[in-house]
Participant: 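Once you've had a glance at the structure underneath, I'll fire off some questions.
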Amino acid sequence: MPIIVNLDVMMAKRKMSLNELSEKVDLTLANLSILKTGKAKAVRFSTLEAICKALNCQPGDILEFVE
Amino acid sequence: MKSRTKQVLKILYILSWIIFIGVCIEAGGSIFSAFYTLAINSINARTFWAGNDLSGLYQYDPWHFFAETLLISIASVMKACIFYLIIKILHDKKLNMSQPFNREVKLFIIKVSCLAFGIGIFTWAGATYTDWLVKQGVKMPDTQHLRLGGADVWLFMSVTLFVIAQIFKRGIEIQSENELTV
């Protein structure tokens with residue numbers, strides 16, 4: 001898929017673990033893992049909003065389009 | 001899964017077993033009767049399976065008798081196969097009501113659709129063949145008694161199930177997308 005999820009990069013920048021993020025955004029570890037590994041087929045705006053709030057970043061920092 | 005759905009599935013499972021045993025006996029009986037008449041004792045044609053008198057057909061030509069009983073037997077065996085598939089899917093507990101759209105159920109519907117189509121074709125061929133034999137002056141029982149009636153219903157069922165299988169195919173895609181939506 002040409003959309004790359006850079007969640008792990010942002011988490012590393014903010015020095016945040018998957019467990020910590022999972023608690024902050026109220027998502028299961030399994031779902032976060034799906035998103036992190038790029039297996040997700042869709043992301044809800046509410047999820048994106050929560051992640052951006054938790055990581056203090058923009059959606060563009062997490063999602064990237066590569067041809 | 002709701003307990004009521006579980007109960008309904010349990011009742012369906014028991015009913016499927018009863019019908020499966022019935023159609024197996026019918027298929028086995030017609031095959032054995034045909035074999036017995038052709039290979040051992042031709043008088044048996046008078047009391048062919050389910051009380052049908054096929055002695056007229058046997059006297060007309062044993063090969064026509066063979067062809068007619070072959071069509072009856074194939075249709076009966078295919079009916080038994082349908083109920084075997086129903087029992088199998090209920091026994092293996094592949095019907096998951098929380099995630100109903102899965103590959104196994106799709107394959108099950110396609111298989112039943114193909115079998116229903118086959119039964120439709122064979123019963124139609126059998127009924128047409130019986131009509132032709134009657135026109136030739138052979139005394140034949142009714143197609144309903146020979147279990148060769150309702151070809152159109154089987155074909156209709158086959159087409160309907162095929163359409164449902166296609167809807168299931170799309171349902172599997174949507175369910176998969178839904179599961180992978182974060």
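Nothing here was measured: the structure is a model prediction, and the numbers come from that model. Reminder, nothing fancy here: chain letters follow the sequence lines and each chain counts from 1.
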Participant: Is there a path of hydrophobic side-chain contacts, each under 4.5 Å between heavy atoms of I, L, V, M, F, W or Y residues, that connects B/V112 with B/L95?
Facilitator: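 In one cluster with B/V112: B/L95, yes.
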Participant: Counting heavy atoms not belonging to B/Y13, are there more than 12 under 6.0 Å from its OH?
Facilitator: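 For B/Y13, atom OH is crowded (more than 12 foreign heavy atoms under 6.0 Å).
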Participant: Are A/I3 and A/M11 linked, directly or through intermediate hydrophobic residues, by side-chain heavy-atom contacts shorter than 4.5 Å (ILVMFWY only)?
Facilitator: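 Linked, A/M11 and A/I3 end up in one cluster.
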Participant: Working to the nearest 0.5 Å, report the span between CD of B/E179 and NZ of A/K39.
Facilitator: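 Taking CD in B/E179 and NZ in A/K39, the distance rounds to 13.0 Å.
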Participant: Search all heavy atoms of B/V182 against all heavy atoms of A/N31 and return the closest pair with its distance.
Facilitator: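 Answer, listing the atom of B/V182 first, then A/N31: CG2-O, 3.6 Å.
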Participant: Working to the nearest 0.5 angstrom, can you tell me the gap between B/T181 OG1 and A/R44 CZ?
Facilitator: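 Atom-to-atom, B/T181:OG1 and A/R44:CZ are 6.0 Å apart.
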Participant: Answer yes if B/L107 and B/M78 sit in the same cluster of Ile, Leu, Val, Met, Phe, Trp and Tyr residues linked by side chain heavy atoms under 4.5 Å apart, and no otherwise.
Facilitator: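 B/L107 does not cluster with B/M78.
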